Q: 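Please find one structure pasted underneath; my questions will follow.
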Protein chains: 2
Amino acid sequence: MPAAKEEDFLPLRDSVYNKLRQAILTGELPAGERLMEVHLGDKLGVSRTPIREAIRMLELEGLVTMIPRKGAMVSQITEKNMSDVLEVRRALDILCVQLACERITPEGIDELKKARDAFEKAVDTNDSRRIAQADVEFHNVIIRATGNDRLISLEDSLSLPMYRYRYEYIKDSSGHGNLVKEHRGIVNAIEKRNAEAAAEAAGEHIDNQRRSIIRQIRLDREEESMNALYGKRR
Amino acid sequence: MPAAKEEDFLPLRDSVYNKLRQAILTGELPAGERLMEVHLGDKLGVSRTPIREAIRMLELEGLVTMIPRKGAMVSQITEKNMSDVLEVRRALDILCVQLACERITPEGIDELKKARDAFEKAVDTNDSRRIAQADVEFHNVIIRATGNDRLISLEDSLSLPMYRYRYEYIKDSSGHGNLVKEHRGIVNAIEKRNAEAAAEAAGEHIDNQRRSIIRQIRLDREEESMNALYGKRR
DNA sequence: TATACATTTTCTGTATACAGGATTCAATGG
DNA sequence: CCATTGAATCCTGTATACAGAAAATGTATA
């Protein structure tokens with residue numbers, strides 16, 4: 001046998017879950033959109049059963065809201081909501097770098113530096129999509145270095161809701177070199193295993209992110225109310 | 001109409017979810033137990049559909065583990081696992097008290113003091129069940145005072161896995177008055193809105209909890225291997 | 001006795017059927 | 001012209017049916 005190729009079986013519910021998740025995060029399914037089971041079913045070519053199970057999962061993650069006997073809808077993103085998530089993420093991101101300082105292996109440090117360099121290269125290209133991807137990978141290296149599985153999965157699900165604002169955030173920050181500077185600071189602190197400095201750098205990093213995202217939400221809301229004024233509500 | 005009595009409709013899936021959750025946390029469904037859909041179905045008098053949806057939710061919470069095409073089982077509690085959860089909870093508990101210092105209202109402080117007193121009274125009775133309940137309520141007051149909905153629901157789901165050890169932990173600590181002392185420290189710090197002191201007190205509180213739980217897990221494991229030695233495996 | 005293979009059983013995964021609550025819209029009465 | 005009611009429709013909640021994978025069991029052969 002060439003390699004471990006077993007267990008590549010993916011239940012439909014998971015495939016549906018991923019697709020819906022993606023659609024919500026990219027805005028293809030906008031906030032407030034109703035998720036009707038039959039409709040989604042024939043759009044995705046599956047029956048209601050996997051759809052329902054996927055919705056149950058999205059519900060527990062907070063991406064969709066259920067009203068009994070009424071149905072599911074894409075959760076509204078409010079400033080409060082996002083602010084709550086960011087508050088939690090701030091604490092967990094700091095925990096991540098602190099743990100990374102204790103536990104990262106030499107290979108982990110190499111990996112981290114590679115991720116940092118890849119990120120800087122991506123910034124040079126000015127390709128938002130690539131920058132975003134490199135940014136995610138950078139953070140993933142740190143998160144994995146904690147070795148804490150629960151933390152890994154929590155970070156994953158708490159990052160989700162803000163993916164919609166990622167591009168704007170990157171456009172905001174990458175031009176000024178802020179992101180690059182912040183990443184360097186984090187890497188340096190972790191390499192020296194200086195938990196305090198790492199915590200500070202990570203805290204600043206997410207505070208900047210918060211500012212950018214909150215500003216974006218306010219812009220969106222403004223635009224929305226303008227549209228409403230001009231009767232552009234669909 | 002006498003009062004708002006609407007929306008007391010609870011889908012079966014939620015009822016099943018609660019029952020299974022309870023059964024897992026009380027140990028009625030021990031770790032490793034397979035959750036078979038038809039079996040649970042006729043035990044609870046419902047069809048497979050609500051069972052499956054409840055299992056999807058428990059899975060995302062980490063209480064059950066799925067193996068594709070094999071089925072679901074109650075998640076094994078390992079020391080690593082619990083340690084991961086406690087590590088995250090430590091960060092979040094500290095965040096809770098810090099936020100509470102900023103945001104708690106005068107009424108919140110009253111409520112907190114009441115919860116503290118109720119807890120002390122419960123300790124006097126030496127009734128573990130009652131102590132546990134008062135302890136949960138005490139923490140809930142603090143958590144609610146943060147006003148952060150995401151934090152509230154996360155704390156809820158992160159507390160779950162350790163409910164199994166709660167009684168032992170309380171027997172460990174309440175005798176020595178540790179718990180009472182720690183709670184007092186937390187209340188004092190929050191009342192003075194001294195975030196730093198509150199953080200320290202909360203950190204110590206959960207560190208003690210951790211010690212007790214880890215010790216308990218090791219005891220359990222020892223006992224288990226003894227049973228295995230004597231052929232008491234079922 | 002042990003091993004390999006066929007068979008049967010037992011579950012999960014997925015689709016579909018059926019019942020009842022909610023919503024809509026039009027007809028009717030004020 | 002507006003409010004009310006009732007039927008038609010839509011959609012969720014729940015049950016059930018069917019197909020295929022995995023495990024268990026049994027059987028034959030070395």
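Throughout, protein chains are lettered first and strands after them, A, B, ... in sequence-line order, and every chain is numbered starting at 1. The structure displayed is predicted, hence computed values, not measured ones.
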Q: Within the structure shown, what part of the strands sits under 4.0 Å from A:I51 by heavy-atom distance: base, sugar-phosphate, or nothing?
A: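 Counting heavy atoms under 4.0 Å across all strands, no contact is made by A:I51.
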Q: Looking only at side-chain N and O atoms, does A:S47 come under 4.0 Å of OP1 or OP2 in C:dA15?
A: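 Answer yes for this pair, as a side-chain N or O of A:S47 is under 4.0 Å from OP1 or OP2.
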Q: Taking for each residue the nucleotide of DNA chain C bearing the nearest heavy atom, is the 5' side occupied by A:T49 or by B:V38?
A: B:V38
Q: Do you see a donor-acceptor pair shorter than 3.5 Å between the side chains of A:R211 and A:N208?
A: yes
Q: State the CG-NZ distance between A:D127 and A:K121, to the nearest 0.5 angstrom.
A: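 Nearest 0.5 Å value for the CG-NZ distance: 15.0 Å.
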Q: Mind calculating the distance between CD1 (A:I67) and C1' (C:dA22) to the nearest angstrom?
A: 12 Å
Q: Measure the spacing between NE2 of B:H183 and CG of B:D135 and express it to the nearest 0.5 Å.
A: 4.5 Å
Q: What's the closest nucleotide to the A:R52 side chain, out of C:dG13, C:dT14, D:dT14?
A: D:dT14
Q: For nucleotides 17-20 of chain D, give me every protein contact, N/O to N/O, under 3.5 Å, one pair per line with atom names.
A:
| unit_1 | atom_1 | unit_2 | atom_2 | d |
| --- | --- | --- | --- | --- |
| D:dA17 | N6 | B:R48 | NH1 | 3.3 |

Q: A:H39 has an atom NE2; how far is it from atom P of D:dT9, in whole Å?
A: 20 Å
Q: Is B:R13 close enough to D:dG13 that one of its side-chain N or O atoms is under 4.0 Å from OP1 or OP2 there?
A: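 Looking at the OP1 and OP2 atoms of D:dG13, one of them is under 4.0 Å from a side-chain N or O of B:R13.
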Q: A:L44 has an atom CG; how far is it from atom C1' of C:dT14, in whole Å?
A: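 In whole Å, C:dT14 C1' and A:L44 CG are 14 Å from each other.
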Q: Charged N to carboxylate O under 4.0 angstrom, B:R215 versus B:E79?
A: no
Q: Take atom CE of A:M66 and atom P of D:dC11, then tell me their distance rounded to the nearest Å.
A: 14 Å
Q: To the nearest Å, how far apart are B:E37 CD and D:dT14 P?
A: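 In whole Å, D:dT14 P lies 16 Å from B:E37 CD.
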Q: How is B:L35 classified with respect to the nucleic acid when contacts are heavy atoms under 4.0 Å: base, sugar-phosphate, or nothing?
A: sugar-phosphate
Q: Under 4.0 Å between a side-chain nitrogen and a carboxylate oxygen: does that hold for A:E61 and A:R56?
A: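 Result for this pair is no, no salt bridge flagged.
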Q: Between atom CG in B:D42 and atom P in D:dT14, what is the gap in whole Å?
A: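 Rounding to the nearest Å, CG of B:D42 and P of D:dT14 are 17 Å apart.
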Q: B:K70 has a side chain; which of D:dA22, C:dT14, D:dG13 sits nearest to it?
A: D:dA22
Q: If you check the A:M36 side chain, which of D:dC11, D:dT16, C:dG13 turns out closest?
A: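 The listed nucleotide nearest to A:M36's side chain is D:dC11.
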Q: Could you tell me the separation between the CG atom of B:L40 and the P atom of D:dA15, rounded to a whole number of Å?
A: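 Taking atom P of D:dA15 as the reference, CG of B:L40 is at 14 Å.
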Q: Ignoring hydrogens and geometry beyond distance, is a side-chain donor-acceptor pair present between A:Q22 and A:Y163 at under 3.5 Å?
A: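 Their side chains do not contain a donor-acceptor pair, so the 3.5 Å distance test is not met.
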Q: I want to confirm an ordering. Mapping A:P50 and B:A72 to their closest nucleotides on DNA chain C, which one lands closer to the 5' end?
A: B:A72
Q: Write down the distance between CZ (A:R34) and C1' (D:dC11), rounded to a whole number of angstrom.
A: 7 Å
Q: How many angstroms lie between CD in B:E59 and CD in A:E53, if you round to the nearest 0.5 Å?
A: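 Atom-to-atom, B:E59:CD and A:E53:CD are 9.5 Å apart.
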